[in-house]
2 protein chains.
Amino acid sequence: MRRGVLPLNALRAFESTARLGRMRDAADELGVTYGAVSRQIRGLEKTLGIVLFDGPKNKLEPTEAALRLVPALTYGFDRIEQAVNKAMQEEDRIIDVSCLGTLSMRWLIPRLYDFHTRFPKIDIRLTTDDGPVNFAKQHFDVAIRVGNPDFAEYEFELLFDDAVGPVLSPQITPDGGISQPDDLREIPLLHTKTRKDAWASWCEIVDTKLPVDGREYEHFYFMLEAVMAGLGAAMAPWVLVRDDIEAGRLIAPFGFKETGLSYFAAYRPRSGPQIEAFVSWLQEQARKTKR
Amino acid sequence: MRRGVLPLNALRAFESTARLGRMRDAADELGVTYGAVSRQIRGLEKTLGIVLFDGPKNKLEPTEAALRLVPALTYGFDRIEQAVNKAMQEEDRIIDVSCLGTLSMRWLIPRLYDFHTRFPKIDIRLTTDDGPVNFAKQHFDVAIRVGNPDFAEYEFELLFDDAVGPVLSPQITPDGGISQPDDLREIPLLHTKTRKDAWASWCEIVDTKLPVDGREYEHFYFMLEAVMAGLGAAMAPWVLVRDDIEAGRLIAPFGFKETGLSYFAAYRPRSGPQIEAFVSWLQEQARKTKR
DNA sequence: CTTGTTAGTGAGGTTTTTGCACATGAGGAG
DNA sequence: CTCCTCATGTGCAAAAACCTCACTAACAAG
């Protein structure tokens, strides 16, 4: 079989299954379902014309041919894996990232650890900054912002759509629960200096009036702490509270409404694969966040 | 980078390009266009965060990182390739195939060489036979027939749709060319004993009448020889004359009309991967034939 | 006989890859 | 310079590969 048509992915699935003994485990290793592994192996048996596994379904036995084949595959894949990892670790470079303050605290920094694991030699130098993007004057490699990206100024990749909604601590939910916006009247509404009209705009969308009398905080971060302490309800972008909602620390009784703005990562054109690797890592994380 | 997410196909494309020096050649080796290779490599640079090629577009230079990475990849892939080939060569078995006479001569046998190259240890024992398929009484592993397959009796895979049309040698085309069925009047129409009504059925489809006066041959094969010698025109299934038309030995002025029948490969259920390998090889060849 | 574990599969959807045609950029000839 | 050729880059649409889901099948253990 010519090298060009080697079914590499199927071979990897087979190698993994043979090494681990169960399709189940192989599926985990490959990050897919076992149905997928099953298909890959069946396909491989077909293209090679070799029976690879015998025995009852709940206890697979590799055939002799499989046993003879596996060691070389394991060796070959190991070799490739090592070489790739080595190459990745030799590439060092510093990436300067400018990111919205709250987003970096509540989304980016917690996830950066993963990036570091994958690209140990790429250092991320993070600056928090909410101002407009200007690559000519600033020396950032990547800038993460929210709004409508400027097509003319820089390359960019969309990360997620901005969506906001009221959040509050489950501890201060009124007895009757919260089923319509008016139920929020009993709860203090908290504000930030930077987006004073957050509640008003939301009220317009859902067609309600609510008293605008709660305390005003310097930063979104402090307001969120207050909300979690049960001091009131806040209008929050989904990305910034996603983790808290998943953990049950906050609830969002009316979900989140899209604002039409987007979070995006801007970067200079043709700035090299490390930057692109970082940006596509951002996209990957964003994709995971959406689900 | 975990083994499960190694971009194996991209790595293969890169290895090939680095080894051969040009994407062009790598594309040939992999059996794709260079656009595909270009994308694979660009994607690899992105996921690894490494610049792999430098220099002007018409003379790529691998970077240092690439040069360090390649040897291990080459070695790993070589190892895998060898192991797979060895495993395939150890699997010997004889497959008994029953095939329509003319089809085996004009389609299957010319292509079997390719199968032999890929599966050196699988022997194909070929019998020509036009009768109905009965696996219970006959000891074939695979039967290739034309008609409507019997879903209840056997497993099968469709190969191609039957389509027939008039063919003749370009040497005997009348001066005015052949643009409508009536132009065939000047040419003797040849027949076979096994499908005497071939011309009549076609005339019905295209709504013409033609004189039925040409010579009758014992076998399709002889008739085709006569056609190529310029003795007249014959009604021929497309698969059987495809190669001749491509080579310019025959022309088919009115194309081919589908008859509603299909060529198919029948085999016993669960007869093992060698049989399945053969059948999917048949399908692959059939797919190529269609284009 | 029921339950739990593991694999196989049909249908359907999503992602990835590819081919095509055109664009781009480098080097060389005139 | 400008034009030409060569090799790669890329937008788009189509095709292929791959995956998930939900369900089924086979076997083992209780």
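Residue numbers begin at 1 in each chain, while the letters A, B, ... track the order of the sequences. Because the structure is predicted, anything quoted here is derived from the model rather than measured.
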Trainee: Report the distance from atom CD1 of A/Ile41 to atom P of D/dC19, rounded to the nearest whole Å.
Mentor: 12 Å

Trainee: C/dT9 C1' sits how many Å from B/Glu155 CD, rounded?
Mentor: 13 Å

Trainee: On DNA chain D, nearest-nucleotide positions of B/Met23 versus A/Thr33: which is more 5'?
Mentor: B/Met23

Trainee: Please determine whether a side-chain nitrogen of the Lys or Arg among A/Arg118 and A/Glu284 lies less than 4.0 Å from a carboxylate oxygen of the Asp or Glu.
Mentor: yes

Trainee: So A/Arg39, base contact, sugar-phosphate only, or nothing? Heavy-atom distance under 4.0 Å.
Mentor: base

Trainee: Side chain of A/Ser38 only, heavy atoms from C-beta on: which candidate in D/dC19, C/dT9, C/dT18 is closest?
Mentor: C/dT9

Trainee: Could you pull out the closest heavy-atom pair between B/Glu45 and B/Val51, with the gap in Å?
Mentor: OE2-C, 3.7 Å

Trainee: Would you please name every residue forming a side chain to side chain contact (heavy atoms under 4.5 Å, CB included) with A/Gln274, sequence neighbours left out?
Mentor: A/Glu91, A/Arg93, A/Ile95, A/Ile122

Trainee: Find the distance B/Leu11:CG to C/dT16:P and express it as a whole number of Å.
Mentor: 16 Å

Trainee: Nearest to the A/Arg24 side chain among D/dC19, D/dT8, C/dA7, which nucleotide is it?
Mentor: C/dA7

Trainee: Of the candidate nucleotides C/dT17, C/dA7, D/dT20, which contains the atom at the shortest distance from the side chain of B/Gln40?
Mentor: C/dT17

Trainee: Do the charged groups of A/Asp243 and A/Arg111 touch, with an N to O distance under 4.0 Å?
Mentor: yes

Trainee: Closest to the B/Val32 side chain: C/dT18, D/dT10, D/dC19?
Mentor: C/dT18

Trainee: What is the distance, rounded to the nearest whole Å, between atom CG of B/Leu8 and atom P of D/dA17?
Mentor: 16 Å

Trainee: Between D/dC27 atom P and A/Asp54 atom CG, what is the distance in whole Å?
Mentor: 13 Å

Trainee: Between C/dA7 atom C1' and A/Tyr34 atom OH, what is the distance in whole Å?
Mentor: 8 Å

Trainee: Which whole-number value in Å describes the distance from B/Arg12 CZ to D/dA17 C1'?
Mentor: 13 Å

Trainee: Going from CG on B/Leu48 to CG on B/Leu69, what distance comes out if it is rounded to the nearest 0.5 angstrom?
Mentor: 7.5 Å

Trainee: Answer with base, sugar-phosphate or nothing: what part of the nucleic acid does A/Asn9 contact at a heavy-atom distance below 4.0 Å?
Mentor: sugar-phosphate

Trainee: Between B/Leu60 (CG) and C/dT24 (C1'), how many Å, whole number?
Mentor: 14 Å

